[in-house]
Amino acid sequence: MGFLWTLLELLFAFIIIALFALLSAIFIEASRRSHNHTHVEAPAIFEDPNSLKQVPCPHVSDPAEKYISLIIPAFNEEHRLPGALEETMNYLEQRAAKDKSFSYEVVIVDDGSSDGTKKAAFNFVRKYTVDNVRVILLGRNHGKGEAIRKGMLHSRGELLLMLDADGATKVNDLEKLENEIHAFARKEYHSGDSAASDSSIKISDIPIAAFGSRAHLEEKALATRKWYRNFLMKGFHLVVVLTAGPGIRDTQCGFKMFTRAAARKLFTNIRLKRWCFDVELVFLCKWFGIPMIEISVNWSEIPGSKVNPLSIPNMLWELALMSFGYRTRMWKIFN
């Protein structure tokens, strides 16, 4: 019996030490990020591969120069990126040819790739000019959240769309998000005799976020996925609700659109660098009172996904950081 009590005491002591170590690690990392909300602040440089001249770098705080910006994060995507980019550019060029008021840019953010992603991206810059396609090089891998943040901060669009490099969601689905944003703006800001109905107000000045969603595909996915993947996914959704609150059924879809005003508030504050930055976006939208619209989009599984079961611990770590940082007010939110 004495041996059993000793074993239990050792186990209890180990649990206490492990919890203390975990809380200390969360505190230290959250504290570090509280003084580093801007993350990577090396100047973003766009280089014209034809003239080898540097192009002035815009900022999301500047007035919009294009109608829409598409931000594509890419990490070791030399095989999937060209096909997705070709489809994207065909759509944008056709739309621009039909509508002379339609202007666009594609911003590819190379997140420290070690393959031929940079070369593939610059091939499109040469083909479509640096005014329409731009590449930001982060140098080393920081994570999808940081890559998108960097692209958002240095885009020129009235509307800013983030989409994955694999082309899992068809690019023409952006019209669904675009139309919903315009409809919401007309309904909320252009009704009655209020000052908000002023026709001089641009869509870029109205903070709105539109989230592409695969929630309508969930029933089919549950039937085809293995039980442990369903268990992990349901568990993750529960943690997301506890962290950021309810409201968005599919936080992780990589197809999201923001007005310039919304992007300015959200991406100057975001701190999470990897997979869970989407959850932080939901939290910040609620904090700022930015309307969120969830819209069903077409989505297909593309081989080569970077997400795997080993991503779960990192996701939980980021959610713990976020919850601790904001709930303790250690992470300040800047207007």
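Classification of the His182-Tyr67 ring pair by plane angle, with boundaries at 30° and 60°, yields parallel. Note on ring orientation: taking the six-membered ring where Trp is involved, the planes of Tyr326 and Phe283 are parallel (angle under 30°, cut-offs 30° and 60°).
Residue-environment remark: NZ (Lys170) stays at or below the threshold of 12 foreign heavy atoms within 6.0 Å. For NZ of Lys118, the number of neighbouring non-hydrogen atoms (other residues, nucleotides, ligands) closer than 6.0 Å is 12 at most.
The backbone N or O of Phe334 sits less than 3.5 Å from a side-chain atom of Asn269, completing a donor-acceptor pair. Judged by distance alone, the side chain of Thr117 and the main-chain N or O of Glu78 form a donor-acceptor pair under 3.5 Å. Side chain of Glu87 to main chain of Gly167: no donor-acceptor pair is present (N/O by atom type, distance under 3.5 Å, no hydrogens or angles).
Residues Ile203 and Met292 do not share a hydrophobic cluster, defined by chaining ILVMFWY side chains whose heavy atoms lie under 4.5 Å apart. In the hydrophobic cluster analysis, where Ile, Leu, Val, Met, Phe, Trp and Tyr join through side-chain heavy atoms closer than 4.5 angstrom, Val282 is grouped apart from Leu316. Linking Ile, Leu, Val, Met, Phe, Trp and Tyr whenever their side-chain heavy atoms come within less than 4.5 Å puts Leu281 and Trp287 in one cluster. Hydrophobic cluster membership differs between Leu266 and Phe211, with clusters built from Ile, Leu, Val, Met, Phe, Trp and Tyr side chains linked at under 4.5 angstrom. Both Leu160 and Val135 are part of a single hydrophobic cluster, where members link through side-chain heavy atoms under 4.5 Å apart.
Side-chain contact between Phe122 and Ile108: absent, with no pair of heavy atoms (C-beta onward) separated by less than 4.5 Å. Within the 4.5 Å cutoff, no side-chain heavy atoms of Met152 are placed close to those of Val60. Within the 4.5 Å cutoff, the side chain of Phe258 has no heavy atoms near those of the Ile290 side chain. Residues Ile72 and Leu163 are in side-chain contact: their nearest non-hydrogen atoms beyond the backbone lie under 4.5 Å apart. Between Lys286 and Ile248 the shortest side-chain heavy-atom distance does not fall below 4.5 Å. Contact annotation: the side chain of Ser113 approaches that of Asn76 to within less than 4.5 Å [non-hydrogen atoms, C-beta and beyond]. Two residues are said to be in side-chain contact when any heavy atoms from C-beta on lie closer than 4.5 Å; Arg271 and Leu321 fail this criterion. Looking at Leu92 and Leu70, their side chains come closer than 4.5 Å, going by heavy atoms from C-beta outward.
Neither side chain, Tyr128 nor Glu93, offers a donor N or O lying under 3.5 Å from an acceptor on the other.
Distance check, rounded to the nearest 0.5 Å: CD of Gln252 to CG of Asp278 gives 4.5 Å. Interatomic distance, CG of Asp205 versus CZ of Arg264, reported as 7.5 Å (0.5 Å rounding). Distance check, rounded to the nearest 0.5 Å: CD1 of Ile295 to CD of Glu180 gives 5.0 Å. Here the CE atom belonging to Met162 is positioned 11.5 Å from the CE atom belonging to Met257, to the nearest 0.5 angstrom. Note that the CG atom of Leu137 and the CG atom of Asp110 stand 5.5 Å from one another [nearest 0.5 Å]. Ile333 contributes atom CD1, which lies 10.5 Å from atom OG1 of Thr268 (distance to the nearest 0.5 angstrom).
Remark: of the listed residues Ile68, Leu174, Ile208, Ile68 is the sole one forming a side chain to side chain contact (heavy atoms under 4.5 Å, CB included) with Leu159. Checked options Lys66, Arg134, Glu105; the residue passing with Pro58 is Arg134 (criterion: side chain to side chain contact (heavy atoms under 4.5 Å, CB included)).
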field: Chi angles and distances behind the side-chain contact (heavy atoms from CB on, under 4.5 Å) call for Phe184, Ile206
entry: CA-CA 10 Å; Phe184 186 90; Ile206 305 171; over 6 Å; no

task: Please step through salt bridge (charged side-chain N to carboxylate O under 4.0 Å, His left out) for the pair Lys127 and Glu86, ending with a clear verdict.
output: CA-CA 11 Å; Lys127 183 176 180 180; Glu86 197 66 58; 3.4 Å; yes

query: Under the salt bridge (charged side-chain N to carboxylate O under 4.0 Å, His left out) criterion, do Asp164 and Lys144 qualify, and how do the steps go?
result: CA-CA 10 Å; Asp164 292 336; Lys144 181 181 178 181; 2.9 Å; yes

- prompt: What's the verdict on salt bridge (charged side-chain N to carboxylate O under 4.0 Å, His left out) for Glu318 and Lys273, showing C-alpha distance, side-chain angles and the deciding distance?
  reply: CA-CA 9 Å; Glu318 286 205 322; Lys273 299 184 180 185; over 6 Å; no

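When all heavy atoms of Met322 and Trp331 are compared, the pair lying nearest together is CA-CZ3, 3.7 Å. The minimum heavy-atom distance linking His154 with Cys57 is given by the pair ND1-SG, 3.3 Å. Between Ala165 and Glu77, the closest heavy-atom pair is CB-CG, 3.9 Å. Closest of all the heavy-atom pairs between Gly151 and Ile136 is CA-CD1, 4.2 Å. Taking each heavy atom of Gly112 and Phe75 in turn, the nearest pair found is O-CE1, 3.6 Å. Nearest approach of Pro82 to Ala120, heavy atoms of both residues: CG-CB, 4.1 Å.
Using a 4.0 Å cut-off between charged nitrogen and carboxylate oxygen, Asp111 and Arg274 do not count as a salt-bridge pair.
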